[in-house]
*Asks:* 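Got a structure for you, questions after.
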Amino acid sequence: MSIFTKIISGEIPSYKIAENNQFYAFLDINPNAKGHTLVVPKREVNKLFELDSKEYSDLMAYARKIAIALEKAIPCKRIGMAVIGLEVPHAHVHLIPLQAMEDIQFNKKVTLKPEEFEQLAKLIAAEL
Ligand code: AMP
């Protein structure tokens with residue numbers, strides 16, 4: 001069982017932004033930038049491009065909604081999207097509020113307090 005499946009089931013806590021029957025969106029715990037969000041299919045599939053085309057399109061449509069809310073909630077130039085999956089073998093996309101190219105390079109991290117994560121998740125959810 002992946003760590004994301006445990007998050008989705010509530011076994012491990014997360015700073016949730018939104019969910020529907022298919023997908024779960026929550027803040028990345030080691031963010032590149034404030035508001036760095038992960039959007040995950042509830043069905044545990046290893047690689048993003050292993051999703052069938054319907055589930056892939058549905059995930060993109062859901063990620064788009066989250067990205068639009070994210071851009072309203074977090075001051076940034078635009079929202080970047082990345083697909084990696086080297087750490088967690090459960091398909092997901094990263095949505096990252098960008099001010100500069102470094103924000104999507106996964107070597108510049110920001111440290112946030114629990115209260116800041118909670119506040120960010122609420123701010124983003126309020127724009128949905
Ligand atoms: P990757 O699989 O390389 O796309 O990276 C997985 C991402 O999941 C990393 O950015 C981690 O910081 C993030 N991550 C890992 N565990 C958790 C967790 N328990 N809660 C939130 N984010 C997590």
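Count residues from 1 along the sequence. Counting starts at 1 for both ligands and their atoms, following the listed order.
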*Asks:* Determine, using heavy atoms of N32 and all atoms of ligand 1, whether some pair is separated by less than 4.0 Å.
*Replies:*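 N32: no contact with ligand 1 (<4.0 Å).
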*Asks:* Are any of the heavy atoms in H94 under 4.0 Å away from ligand 1?
*Replies:*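 Yes, that is the case, since the closest heavy atom of the residue is under 4.0 Å from the ligand.
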*Asks:* Hey, is the main chain of S53 close enough, under 3.5 Å, to the side chain of S57 for a donor-acceptor pair?
*Replies:*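 Yes, S57 side chain to S53 backbone: donor-acceptor pair under 3.5 Å.
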*Asks:* Going through the checks in order, is the side-chain hydrogen bond (donor to acceptor under 3.5 Å, both in side chains) test met by K109 and N32?
*Replies:* CA-CA 4 Å; K109 296 291 181 177; N32 292 18; 2.7 Å; yes
*Asks:* Using a 3.5 Å cut-off and no angle test, enumerate the donor-acceptor pairs between side-chain atoms of residues 92-99 and protein atoms at least two apart in sequence or in another chain.
*Replies:*
residue, atom, partner, partner atom, Å
H92, ND1, H90, O, 2.6
H94, ND1, H36, NE2, 2.8
Q99, NE2, P75, O, 3.0

*Asks:* Checking the side chain of E127 only, and the main-chain atoms of I124 only, is there a donor and an acceptor separated by less than 3.5 Å?
*Replies:* no
*Asks:* Determine, for R43 against E55, whether the closest basic-nitrogen to carboxylate-oxygen distance falls under 4.0 angstrom.
*Replies:* yes
*Asks:* Could you work out, with side-chain hydrogen bond (donor to acceptor under 3.5 Å, both in side chains) as the rule, every residue matching E19, not counting sequence neighbours?
*Replies:*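 Per chain and number, E19 pairs via side-chain hydrogen bond (donor to acceptor under 3.5 Å, both in side chains) with K16, K42.
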*Asks:* Only heavy atoms count here, so choose which of D28, V40, I7 is nearest to atom 10 (O) of ligand 1.
*Replies:*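 Closest candidate by heavy-atom distance is D28.
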*Asks:* Nearest heavy atom to atom 21 (C) of ligand 1 wins, so pick from I29, L86, I84.
*Replies:*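 The nearest heavy atom belongs to I29.
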*Asks:* At the 4.0 Å heavy-atom cut-off, does F26 count as touching ligand 1?
*Replies:* yes
*Asks:* Are H90 and ligand 1 in contact, using a heavy-atom cut-off of under 4.0 Å?
*Replies:* no
*Asks:* Could you tell me whether F106 and ligand 1 have an N or O pair separated by under 3.5 Å?
*Replies:*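 Checking ligand 1 against F106, no N or O pair falls under 3.5 Å apart.
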*Asks:* With atoms numbered from 1 as shown, which atoms in ligand 1 lie under 4.0 angstrom from a non-hydrogen atom of H92?
*Replies:* 1 (P), 2 (O), 4 (O), 5 (O), 6 (C)
*Asks:* Judging by distance only, is a nitrogen or oxygen of E87 under 3.5 angstrom from one on ligand 1?
*Replies:* yes
*Asks:* Is there a donor-acceptor contact under 3.5 Å from the side chain of E50 to the main chain of V45?
*Replies:* no
*Asks:* Pull out every atom of ligand 1 sitting under 4.0 Å from any heavy atom of L38, numbered as shown with elements.
*Replies:* 8 (O), 13 (C), 22 (N)
*Asks:* Is there a nitrogen or oxygen of I3 sitting under 3.5 Å from a nitrogen or oxygen of ligand 1?
*Replies:* no
*Asks:* Between V83 and ligand 1, which residue portion shows a heavy-atom distance shorter than 4.0 Å: side chain, backbone, both, or neither?
*Replies:* neither
*Asks:* Are I29 and L38 connected into the same hydrophobic cluster when the rule is that any two of I, L, V, M, F, W, Y join if their side-chain heavy atoms are below 4.5 Å apart?
*Replies:*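 No, no single cluster joins them.
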*Asks:* Is the closest heavy atom of F4 to ligand 1 under 4.0 Å?
*Replies:*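 Within the 4.0 Å threshold, so yes.
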*Asks:* Looking at ligand 1, would S14 count as a contact under a 4.0 Å heavy-atom criterion?
*Replies:*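 Under 4.0 Å: no for S14.
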*Asks:* Would you say the ring centers of F4 and Y24 fall short of 6.0 Å from each other?
*Replies:*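 They do not qualify: ring centres at least 6.0 Å apart.
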